[in-house]
Amino acid sequence: VQLQASGGGLVQPGGSLRLSCAASGSIFRVMGWYRQAPGKQRELVAIAPSGGSTNYADSVKGRFTISRDNGKNTVYLQMNSLKPEDTAVYYCTAYNPGYRNYWGQGTLVTVSS
């Protein structure tokens, strides 16, 4: 199983970025994104269960949108109105309930002027 994330980069405050994560080797019921800022613990950003309701961290509600393309086994994270506090390494994750989580390699998002 591999999760390949892409789309990070440097963006100014108020800008937008779109992250992508393609899974190979298995089909997952749940796919999503976590992030880890320097000196902080990894935290949930958004989760998208297949056929279920998405869930967002309060800090990103209304600004970020998670979506899935099940045909491509890919999860996306559209990030708008980015703030400096969104700066972090973003990790995609995928799992089937009751089984282990798989993680992508992380993609760095830096929000700075």
Side-chain angles (χ1 to χ4, degrees):
V1 174
Q2 283 191 326
L3 300 179
Q4 183 66 45
S6 61
L10 174 63
V11 64
Q12 292 187 341
S16 297
L17 280 176
R18 188 192 195 209
L19 306 183
S20 301
C21 178
S24 60
S26 186
I27 302 296
F28 297 101
R29 287 186 58 190
V30 184
M31 299 184 77
W33 294 91
Y34 281 69
R35 67 185 180 187
Q36 187 167 18
K40 295 188 176 181
Q41 289 189 329
R42 192 174 296 191
E43 63 176 2
L44 172 70
V45 177
I47 283 288
S50 180
S53 299
T54 54
N55 188 30
Y56 295 91
D58 288 344
S59 58
V60 307
K61 283 180 181 176
R63 300 188 298 122
F64 291 11
T65 302
I66 190 170
S67 60
R68 294 179 62 163
D69 184 335
N70 291 327
K72 295 182 179 180
N73 215 14
T74 299
V75 62
Y76 304 96
L77 186 68
Q78 178 66 43
M79 304 184 294
N80 299 329
S81 303
L82 282 160
K83 304 175 181 180
E85 50 264 44
D86 295 317
T87 295
V89 177
Y90 284 71
Y91 297 91
C92 63
T93 188
Y95 62 93
N96 291 306
Y99 295 87
R100 60 160 290 184
N101 281 47
Y102 290 91
W103 296 93
Q105 82 281 14
T107 184
L108 177 62
V109 172
T110 303
V111 185
S112 175
S113 55

Check: Say you draw a straight line from CD of Gln12 to CG of Leu82; how long is it, rounded to the nearest 0.5 Å?
Finding: 11.5 Å
Notebook entry, point to check: If you look at every heavy atom in Ser26 and Val1, which pair is closest and at what distance?
Noted result: CB-CG2, 4.0 Å
Notebook entry, point to check: Which heavy-atom pair separates Ser50 from Asn70 by the least distance, and what is that distance?
Noted result: OG-ND2, 3.9 Å
Item checked: Nearest heavy-atom neighbours spanning Ser16 and Asn80 -> OG-OD1, 2.9 Å
Check: Looking only at heavy atoms, what is the nearest atom pair of Thr87 and Val111, with distance?
Finding: OG1-N, 2.9 Å
Check: What is the ring orientation for Trp103 with Tyr91, classed by angle as parallel under 30°, tilted 30 to 60°, or perpendicular over 60°?
Finding: perpendicular
Item checked: Closest contact, heavy atoms only, Ala46 versus Leu77 -> CB-CD1, 4.3 Å
Check: Taking all atoms of both residues into account, what is the closest heavy-atom pair of Leu3 and Cys21, and its distance?
Finding: CB-SG, 3.9 Å
Note to self: Asp69: which residues meet the side-chain contact (heavy atoms from CB on, under 4.5 Å) condition with it, sequence neighbours left out?
What the structure shows: Lys72, Tyr76
Margin query: Distance check, rounded to the nearest 0.5 Å: Leu108 atom CG versus Leu10 atom CG?
Written below: 9.0 Å
Next item on the list: For residues 40-55, pull every pair meeting salt bridge (charged side-chain N to carboxylate O under 4.0 Å, His left out), keeping only residues two or more places apart or in separate chains.
Entry: Arg35-Glu43
Next item on the list: Decide, yes or no, whether a salt bridge links Lys83 with Asp86 under the criterion of side-chain N to carboxylate O below 4.0 Å.
Entry: no
Next item on the list: Kindly compute the distance separating CH2 (Trp33) from CZ (Phe64), expressed to the nearest 0.5 Å.
Entry: 11.5 Å
Next item on the list: Check side-chain contact (heavy atoms from CB on, under 4.5 Å) between Arg29 and all other residues, then give those that pass, not counting sequence neighbours.
Entry: Asn96, Pro97
